[in-house]
Amino acid sequence: MQAHPKTSISSRSWKWAQKQIRGENMPTRGVIASNRISGSVSHGRWQARICQGLLIAFAGVAPTGVHAAEVASPPQQRVDAPAPTGVKPVKQKKRSSTSSTIAKGFDATPMPATAPPPSIAKPSAPAMSLDQINAAYGYKGWNIPFPSFADSVMQDVGGFRSALAKEGFGLIVLNAEIVQANMLDTPRKVPSTYPACTGITRIGGICAGNQAYFGQSLGSSYTLQPVLTYDLGRIGLTGGQLAFGAYIGSDTDEAYLPTGSRISNLSWYQPLFDRKLEAKIGWFTASNEVIGTNVGGSYANPFGPSASIPAELGLSTGQISAPAARLKWNISDSFYSQFLVQRSFPVNGPTGNAIYDEFQNDGAGLRFNSPVKGTGTLYLNEVGYQTPPLPGAPFTWIRAGAMYNTSEFRDLSKLATGGTKSGVPGFYLLADRQLWQQDPSSPLTAYRGIYVGGTAMYTPPETAAFYQYYEARLYWVAPFASNPRDMISLVYNHNEVSPHLADFVNGFATETLVGARYSTNTITAAYTTLLPHNVWLSLGVAYTDHPSINYFPREGSSLNFLGGLFVPL
């Protein structure tokens with residue numbers, strides 16, 4: 001949940017509280033296989049025009065000659081650190097024309113004003129704390145708190161972060177490991193009586209030896225993401241930031257997350273007009289900056305939500321980026337509006353899995369256009385209302401948005417003839433509210449308590465396998481004072497499957513022995529805790545009545561053990 005940088009105590013405490021519940025949406029799987037589509041289409045002109053326009057705008061309105069350190073937001077407060085005490089500047093007296101005043105504690109021998117004593121070294125500036133380094137050089141732009149340098153395993157060992165900060169750089173490396181395994185006595189894979197997997201059908205398809213869903217047998221996913229930032233305040237763009245990131249991933253089921261490496265971030269973030277506007281342009285993962293699907297805003301807890309509709313509509317997600325531009329207008333301390341334009345993920349790619357097809361068709365991750373024919377542009381507009389948790393004033397966050405994608409989608413109502421449809425909309429509404437404040441005695445503890453939230457999403461059933469999504473969530477942030485970063489969550493979600501897709505698959509079920517669901521239901525319970533040395537651990541269990549859209553007989557329901565380890569370095 002993104003806090004607006006202000007200088008009031010309420011905003012500082014809100015930024016601190018957000019860190020307590022920080023935390024990506026699990027990517028959707030492809031559910032339709034098709035023959036590979038060759039060819040390419042150019043969509044570079046609109047990105048070039050957007051880039052040129054924003055560059056001109058930034059250059060024209062961004063203030064110059066001021067370093068970020070001069071205007072950095074107050075450091076985020078840790079739970080074991082007191083709030084900073086204001087220090088008034090001491091007004092210096094005018095020097096005498098014949099002598100200079102030597103600091104107390106040094107030899108007070110008068111010296112000519114034009115010749116300072118060579119034996120006295122100039123006092124060095126006090127070292128920046130990790131919170132101060134993070135305020136100036138931490139990654140900017142997410143609508144939930146990005147992992148902080150102060151909450152990393154390595155902290156500032158050997159002074160390496162301080163040394164980087166002196167040159168204007170920040171560096172953090174995110175490591176995440178996810179493990180899932182079905183604990184019921186059901187098949188661990190698709191039976192060998194089914195056709196052998198091909199390069200396409202192995203991505204979420206019902207073929208011999210494949211997993212029908214992630215975690216049907218023991219499945220694991222590992223990602224490593226180094227993120228390097230540079231403070232553009234050093235060249236006069238106050239608050240601006242360049243960011244470079246990479247993605248390295250390995251997964252036992254590539255329908256869940258692709259295996260390989262690529263550039264995941266190359267972006268420019270710039271606040272304007274005293275942060276009334278925030279702009280970003282480049283390659284970045286948009287799902288971290290809009291919508292806000294993470295339970296409790298916790299990046300460290302990946303379990304619960306399965307809202308795949310934004311991904312089905314081509315929104316970049318799963319740590320895989322696409323070229324985009326985003327402009328956010330902070331209308332007031334509570335209301336905001338933001339607009340995003342992005343080159344869509346290939347929604348009609350060879351496997352039907354937009355994340356996998358994007359990864360496979362953009363090797364380095366820096367293409368403006370997609371080689372997958374028919375890939376167009378995604379537009380998104382979101383409006384929101386957000387207030388921080390303060391004593392007697394519970395936290396509230398409501399956001400609603402509309403999406404529109406110009407790409408050619410596979411028309412599920414015309415699967416027999418291979419028809420397509422372009423110009424597809426999507427809509428979402430999410431709301432979270434703090435029901436009970438466990439400790440309202442201070443702005444620094446008001447975030448503790450019980451929250452409730454809900455989600456509704458829709459896109460036409462002709463172009464999406466999941467076309468309706470509903471979620472209800474209940475979570476308790478910081479239930480124990482001894483560990484104020486913990487969170488307990490209980491999430492129920494319901495997915496409606498396109499009847500066009502289900503009817504088509506079920507029409508051939510007697511020959512293929514593959515059926516299709518019309519809906520799925522999941523309930524997930526999870527606990528996230530902060531271990532010593534800033535290592536996050538999430539454990540949970542999830543029951544799903546229909547764990548895959550396409551299924552084979554006797555596949556059964558799933559009761560999956562969930563484990564997640566998040567280690568920021």
Side-chain angles (χ1 to χ4, degrees), residues 27-43 190 194-214 247 249 251-262 308 310-322 342-378 405-422 424 462-466 498 500-501 504-505 508 512 514 516 548-550:
T28 183
R29 294 192 296 265
V31 295
I32 312 169
S34 68
N35 294 326
R36 183 171 297 275
I37 300 176
S38 60
S40 64
V41 60
S42 174
H43 293 282
V190 178
Y194 283 80
C197 292
T198 66
I200 293 176
T201 59
R202 71 181 182 85
I203 307 301
I206 303 297
C207 54
N210 207 26
Q211 290 192 65
Y213 57 91
F214 181 64
Y247 162 88
D251 201 295
T252 57
D253 183 1
E254 290 198 82
Y256 179 77
L257 205 62
T259 294
S261 60
R262 60 180 270 165
S308 60
E312 289 181 290
L313 280 169
L315 188 72
S316 58
T317 187
Q319 298 85 47
I320 311 300
S321 63
Q342 176 207 302
R343 193 264 287 146
S344 173
F345 272 12
V347 294
N348 192 10
T351 70
N353 183 319
I355 299 172
Y356 180 85
D357 289 335
E358 169 67 24
F359 190 86
Q360 294 299 316
N361 287 279
D362 186 359
L366 293 178
R367 297 187 66 137
F368 267 119
N369 63 311
S370 172
V372 177
K373 185 179 180 180
T375 301
T377 306
L378 172 68
N405 195 324
T406 65
S407 300
E408 289 186 6
F409 288 72
R410 193 166 304 159
D411 190 338
L412 303 181
S413 67
K414 299 178 180 178
L415 284 172
T417 59
T420 62
K421 186 176 182 179
S422 60
V424 176
E462 291 81 9
T463 50
F466 290 122
S498 168
H500 304 294
L501 172 62
F504 181 82
V505 173
F508 297 93
T512 62
V514 175
S548 64
I549 295 180
N550 294 342

Pairwise side-chain contact, Leu315 with Leu378, heavy-atom cut-off 4.5 Å (strictly under)
yes
At their closest point, which heavy atom of Thr252 faces which heavy atom of Phe214, and how far apart are they?
OG1-CE1, 4.0 Å
Main-chain N/O of Asp253 paired to Gln211 side chain as donor or acceptor, under 3.5 Å:
no
NZ (Lys373) and OG (Ser407) are apart, to the nearest 0.5 Å, by 13.5 Å
Can you name the side chain to side chain contact (heavy atoms under 4.5 Å, CB included) partners of Glu462, sequence neighbours left out?
Asp411, Ser413, Lys421, Pro460, His500
Under 3.5 Å donor-acceptor, Arg410 side chain and Val347 backbone
no
Apply side chain to side chain contact (heavy atoms under 4.5 Å, CB included) to Thr512 and list each qualifying residue two or more places apart in sequence or on a separate chain.
Phe508, Val514
Ring pair (Phe, Tyr, Trp, His ring centres under 6.0 Å) against Tyr194, all qualifying residues, sequence neighbours excluded
none
I need the minimum non-hydrogen distance between Ser370 and Pro346, along with the two atoms involved.
OG-CB, 4.2 Å
Please enumerate all residues that pass salt bridge (Lys or Arg N to Asp or Glu O under 4.0 Å) together with Asp362, with sequence neighbours excluded.
Arg262, Arg343
Rounded distance (nearest 0.5 Å) linking atom OG1 of Thr201 with atom CD1 of Ile206:
10.0 Å
How far apart are the closest heavy atoms of Asp357 and Asn361, and which atoms are they?
O-ND2, 2.7 Å
Rounded to the nearest 0.5 Å, what's the gap from CZ on Phe345 to CD1 on Ile355? Could you check?
6.5 Å
Output yes when a side-chain donor or acceptor of Gln342 lies under 3.5 Å from a complementary backbone atom of Ser316, and no otherwise.
yes
Just do the side chain to side chain contact (heavy atoms under 4.5 Å, CB included) check on Val505 and Asn550 with the steps written out, would you?
CA-CA 8 Å; Val505 173; Asn550 294 342; 3.9 Å; yes
Shortest non-hydrogen contact from Ala212 toward Val190
N-CG2, 4.3 Å
Establish, from distance only, whether the side-chain atoms of Asn210 and Arg202 form a donor-acceptor pair under 3.5 Å.
no
Taking Ser344's backbone N and O only, do any of them form a donor-acceptor pair with Thr375's side chain (distance below 3.5 Å, no angle check)?
no
Hits for ring pair (Phe, Tyr, Trp, His ring centres under 6.0 Å) against Tyr356, two or more places apart or cross-chain, chain-then-number order -> none
In short, Thr420 meets Asn348 closest at the heavy-atom pair CG2-ND2, 3.9 Å
CG of Asn353 to CD of Glu254, rounded to nearest 0.5 Å, is 10.0 Å
Restricting to ring pair (Phe, Tyr, Trp, His ring centres under 6.0 Å), what partner residues turn up for Phe359, sequence neighbours left out?
Tyr247
Check Gly376 against Asn405 and note the closest heavy-atom contact, atom names and distance.
C-OD1, 4.4 Å
